[in-house]
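Before any comments, here is the structure.
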Amino acid sequence: VTLLEQNPRWRLVPRGQAVNLRCILKNSQYPWMSWYQQDLQKQLQWLFTLRSPGDKEVKSLPGADYLATRVTDTELRLQVANMSQGRTLYCTCSAEKGLGGRGNTGQLYFGEGSKLTVL
Amino acid sequence: AQKVTQTQTSISVMEKTTVTMDCVYETQDSSYFLFWYKQTASGEIVFLIRQDSYKKENATVGHYSLNFQKPKSSIGLIITATQIEDSAVYFCAMREVYNAGAKLTFGGGTRLTVRP
């Protein structure tokens, strides 16, 4: 059973429009949820880690603006806005048990990603 | 700040041979985790193997093993008896140990092609 479900898996984004991504966690024992972005050159870059419902963070990077929200214990959202024209971007969510201290294996589990292409 | 570098952008090998992928890292942390993940054609990122910085012995899982050289800040991935389905992009990554939820810092990836 897949731990993380992402939707949509692919979206064509009209220029100037924002897109909302969802990441659903199937097992609440992995409370640390994160978003990573990946460009066409495959470079993976951490965006956010949100632990608790109600947590929000914003970030601006070259090529896109991001707003992440931890909606519930099992749902993480990402709004991507102001993407550069002609750009393709992958956004992947992850989850971790995050036991802390020496009990922490540090292992992340990833979703299958969402592909965004700006028209 | 942490940095991870994979200098090999792509490698092609024959099936059933052994391949080594290189990775070097930079960190100020005294304790850290080092990982290798692979990304399949579907886009899924799958955990392969982990090395704890405070352990001297190299980690081994199935046909994956690590060559951890701490003085050189190097963590190579060795895949023995490669199979066609090992073709994927392989990422080296690191993070600090004790901070739950700490971010993972990735290298740029190495694309492995296994030929029949």
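We name chains A, B, ... by the order of the sequence lines, and we start the count at 1 in each one.
- Here the straight-line distance linking atom CD of Gln45(A) with atom OG1 of Thr105(B) works out to 9.5 Å at 0.5 Å rounding.
- When the shell of 6.0 Å around NZ of Lys59(A) is examined, it contains more than 12 heavy atoms from other residues, nucleotides or ligands.
- Note: Leu48(B) CG to Gln107(A) CD = 10.0 Å, rounded to the nearest 0.5 Å.
- A continuous path of ILVMFWY side-chain contacts below 4.5 Å connects Val19(A) to Leu61(A), so both sit in one hydrophobic cluster.
- The distance from the CG atom of Leu108(A) to the CZ atom of Phe47(B) is 10.5 Å, given to the nearest 0.5 Å.
- In terms of heavy atoms, Phe106(B) sits closest to Gln43(A) at O-NE2, 3.3 Å.
- Phe33(B) and Tyr64(B) fall into different hydrophobic clusters, where Ile, Leu, Val, Met, Phe, Trp and Tyr residues are linked whenever their side-chain heavy atoms come under 4.5 Å apart, directly or through other members.
- Here the straight-line distance linking atom OH of Tyr90(A) with atom CD of Gln39(B) works out to 8.5 Å at 0.5 Å rounding.
- For CZ of Arg15(A), the number of neighbouring non-hydrogen atoms (other residues, nucleotides, ligands) closer than 6.0 Å is 12 at most.
- The neighbour count for Gln28(B) CD, taken as heavy atoms of other residues, nucleotides or ligands under 6.0 Å away, does not exceed 12.
- Minimum heavy-atom separation, Leu104(B) to Trp46(A): O-CB, 4.2 Å.
- Counting heavy-atom pairs closer than 4.5 Å to chain B, the top-ranked of the candidates Arg9(A), Arg51(A), Lys42(A), Lys115(A) is Lys42(A).
- Under the 4.5 Å side-chain heavy-atom criterion for Ile, Leu, Val, Met, Phe, Trp and Tyr, Val19(B) and Val89(B) are members of distinct hydrophobic clusters.
- Linking ILVMFWY side-chain heavy atoms closer than 4.5 Å, directly or via other members, places Leu66(B) and Ile79(B) in a single hydrophobic cluster.
- Note: Leu44(A) leads Thr49(A), Leu47(A), Leu44(A) in heavy-atom pairs under 4.5 Å with chain B.
- The structure places CZ of Phe48(A) at 12.5 Å from NZ of Lys103(B), a figure rounded to the nearest 0.5 Å.
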